[in-house]
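Here the structure is laid out as structure tokens; the discussion comes afterwards.
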2 protein chains.
Amino acid sequence: MSDHTNKDGPREMARIGKDTPSRPAGRLTRIKLSDQITEEIRRRISREGLHPGDRLPNERSLMEYYGCSKGTIREALKALEVEGLLRMVSGPNGGPEVQAASIDIVTQQLRRYLHFQKLDFAQVYELRQTLEVVLARNVTGRLTEEHLTRLAQNIALCDAANQAQDRERVRTAETEFHDILCEASDNVMLIFMCRFLNSMLRDLVSYRSEAMVEHDHFGAHNVDAHRDLLAAFRARDADAAAAIMSEHMDCASRFMRKLDASFHMDRILTR
Amino acid sequence: MSDHTNKDGPREMARIGKDTPSRPAGRLTRIKLSDQITEEIRRRISREGLHPGDRLPNERSLMEYYGCSKGTIREALKALEVEGLLRMVSGPNGGPEVQAASIDIVTQQLRRYLHFQKLDFAQVYELRQTLEVVLARNVTGRLTEEHLTRLAQNIALCDAANQAQDRERVRTAETEFHDILCEASDNVMLIFMCRFLNSMLRDLVSYRSEAMVEHDHFGAHNVDAHRDLLAAFRARDADAAAAIMSEHMDCASRFMRKLDASFHMDRILTR
DNA sequence: CTAGATTTGTTCGTATGTATC
DNA sequence: TGATACATACGAACAAATCTA
């Protein structure tokens, strides 16, 4: 019944050139069956314009359709799951469910890329310095009343954490202020980049200097800057917001240098 | 010998809260064994500081070590392969080989994220307008003689493509100019972001307007701007380079609007 | 709330293709 | 030219999760 070698169905046994960089012989290799199916399903999601929540055929149907075994289908689906395009649902009416790739998955992926690169935090601030200014302009006039009250609450929280000298809470609260700004933006790329940089600063920064005075000054500056920003946002003054943010980033960058900050590159893969 | 239920070894049957957004019941779910192993191996790569080219134990060894079957190990390795951290090598002395996650994999991942977002190109230019200026400053004085000659060659190529009215070649050549600049930068995050935006403009832009005159003007402007940039780079004048780049991006943005440019969002998943 | 049905998750055994020696 | 070591693929079965009656 079942013929091992080849079947009908949509699969073509395309032989493509696949670079094998570190091996001496960069030869022609048969593309893995599961990878072919992965690509097929991706195209299908794109072509049929599937939306988050839509279901793909279950494993059994896919096995029959592509004429392959369960393990192969599972590998193909696994790839799409890792890419964030699917999630598997078990039970009746289960099966692969289309998902919108989340910002977290892309964040993790970008971190994995940076793990093997030479990243210091001067680079991060070189970017943040301009991106946060663009963000400040972008959200001015777009922040709702609810956003503004949450920003005010965040400042209070930040202030309290500073008083308690709880550095961990200070850091999370400080980055959350900027994350709230992102929520008001309509530029998805800008949002991604700013949130990515925020997450790096939240999760991966360590200070070699323990000087309490400097840390306190840093915290006080942040609260002041955020207060000024909030005022500018309330006044819907984009130029003022941009100017304050620019100054804020300059100061933060200097403080970080003074506190001898660096990234925990050893945590970048796993967190 | 082999006991089905549970084994010693590093695996803990941790039950964690896993959100199931679109399903009614967001219940506790056992984390998939293959996912646990994926995480374990990721930690291992990080902890042992493995470098690209290093080999992991082969499938059989991993099966024994984690006390699970081939299919499970294969799914775990598949995940790491998709993440770009591994590639599989068959044959003697084969096995999973550690790889540095490539910029292309991250690019694809970010595109997959954008597929489900509302992305228009005004957003792209809002970013590019500032990022390319930062890049111009960053690479001034860092461009080698070789870079400069390649930029000059690229300008000649761009000019020729313009004369021939070959829009496809014009577009690839124009973005390549900016990619060459990236090569000279030392800021890996900046490089990634600029190259990502470049690739979007190269692969996914379509023009609704076919007005030849406008396209010719656009092409002529680009060549002029690139020539001016090259001169500024040669003079190692960062301020001039930044000013020219800023003007260049402004113009490009206007041209794109006039030509009624938009993204082929239907190609973003598969290309 | 229980019982059965449905579907994913995992295992074992086996066979085949592929690269190295 | 094998022989070897490894990934790749198949198939049948059972376990676990989850929906529905």
Side-chain angles (χ1 to χ4, degrees), chain A residues 1-7 9 11 13 15-16 18 20 22-38 55-64 66-81 86-97, chain B residues 1-7 9 11 13-18 20 22-38 55-64 66-81 86-97:
Chain A
M1 188 66 172
S2 59
D3 172 14
H4 253 220
T5 52
N6 230 331
K7 284 217 175 176
R11 90 162 101 143
M13 275 300 170
R15 279 168 185 273
I16 67 152
K18 205 180 189 182
T20 55
S22 68
R23 282 259 165 147
R27 209 82 62 72
L28 283 168
T29 309
R30 190 181 91 250
I31 218 170
K32 275 198 286 196
L33 184 49
S34 60
D35 288 340
Q36 294 180 46
I37 295 173
T38 302
R55 289 288 167 79
L56 257 51
N58 62 29
E59 287 183 359
R60 189 181 47 75
S61 311
L62 291 171
M63 281 171 58
E64 288 165 8
Y66 290 109
C68 68
S69 74
K70 189 181 176 86
T72 306
I73 283 293
R74 283 186 62 79
E75 261 186 58
L77 293 174
K78 182 75 199 178
L80 294 162
E81 200 185 352
L86 293 182
R87 76 187 188 98
M88 305 305 292
V89 181
S90 66
N93 273 44
E97 180 186 291
Chain B
M1 188 65 173
S2 59
D3 171 14
H4 253 219
T5 51
N6 230 331
K7 282 221 177 175
R11 93 162 99 143
M13 275 299 171
R15 279 167 185 275
I16 68 151
K18 205 180 189 180
T20 56
S22 66
R23 282 259 165 147
R27 208 84 60 71
L28 283 167
T29 308
R30 189 181 94 251
I31 221 170
K32 277 197 283 196
L33 183 50
S34 59
D35 288 342
Q36 294 181 45
I37 296 172
T38 302
R55 289 289 166 79
L56 258 51
N58 62 31
E59 285 184 1
R60 188 181 47 75
S61 312
L62 290 171
M63 281 171 58
E64 289 166 7
Y66 290 109
C68 68
S69 76
K70 198 160 24 200
T72 306
I73 284 292
R74 281 182 66 79
E75 266 185 50
L77 292 174
K78 182 74 196 178
L80 294 162
E81 201 185 350
L86 292 183
R87 77 189 186 96
M88 306 304 292
V89 180
S90 66
N93 273 41
E97 180 184 290

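Every chain is numbered from 1, with letters handed out A, B, ... down the list of sequences. Side chains are part of it too, since the values below use all heavy atoms of this structure and drop only hydrogens, waters and symmetry mates.
Considering every non-hydrogen atom in both A:I37 and A:C68, the closest pair reads CD1-SG, 3.6 Å. Listed here is the closest heavy atom pair of B:P57 and B:P96: O-CD, 3.3 Å.
Atom CG of B:L86 is separated from atom P of D:dT8 by 11 Å (rounded to the nearest Å). Whole-Å rounding puts the A:I73 CD1 to D:dT8 C1' distance at 15 Å. Here D:dA7 presents its P atom at 13 Å from CZ of B:R87, a figure rounded to the nearest Å. Whole-Å rounding puts the B:R55 CZ to D:dA5 P distance at 16 Å. Rounding to whole angstrom units, NZ of residue B:K78 and P of D:dA7 are separated by 14 Å.
Between B:R87 atom CZ and B:E97 atom CD the span is 4.5 Å, to the nearest 0.5 Å.
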Can you name the atoms? Protein N/O to nucleotides 8-10 of chain C N/O, anything below 3.5 Å, with the distance.
residue, atom, partner, partner atom, Å
C:dT8, OP1, A:E59, N, 3.1
C:dT8, OP2, A:E59, N, 3.4
C:dG9, OP1, B:K32, NZ, 3.1
C:dG9, OP2, A:R74, NH1, 2.8
C:dG9, OP2, A:R74, NH2, 3.3
C:dT10, OP1, B:L33, N, 2.5

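The closest donor-acceptor contact from the side chain of B:E75 to the backbone of A:R74 lies at 3.5 Å or more, if one exists at all.
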Can B:D35 and B:R30 be said to form a salt bridge (charged side-chain N to carboxylate O under 4.0 Å, His left out), step by step?
CA-CA 10 Å; B:D35 288 342; B:R30 189 181 94 251; over 6 Å; no
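Counting only N and O atoms by type, the side chains of A:S61 and A:N58 include a donor and acceptor under 3.5 Å apart.
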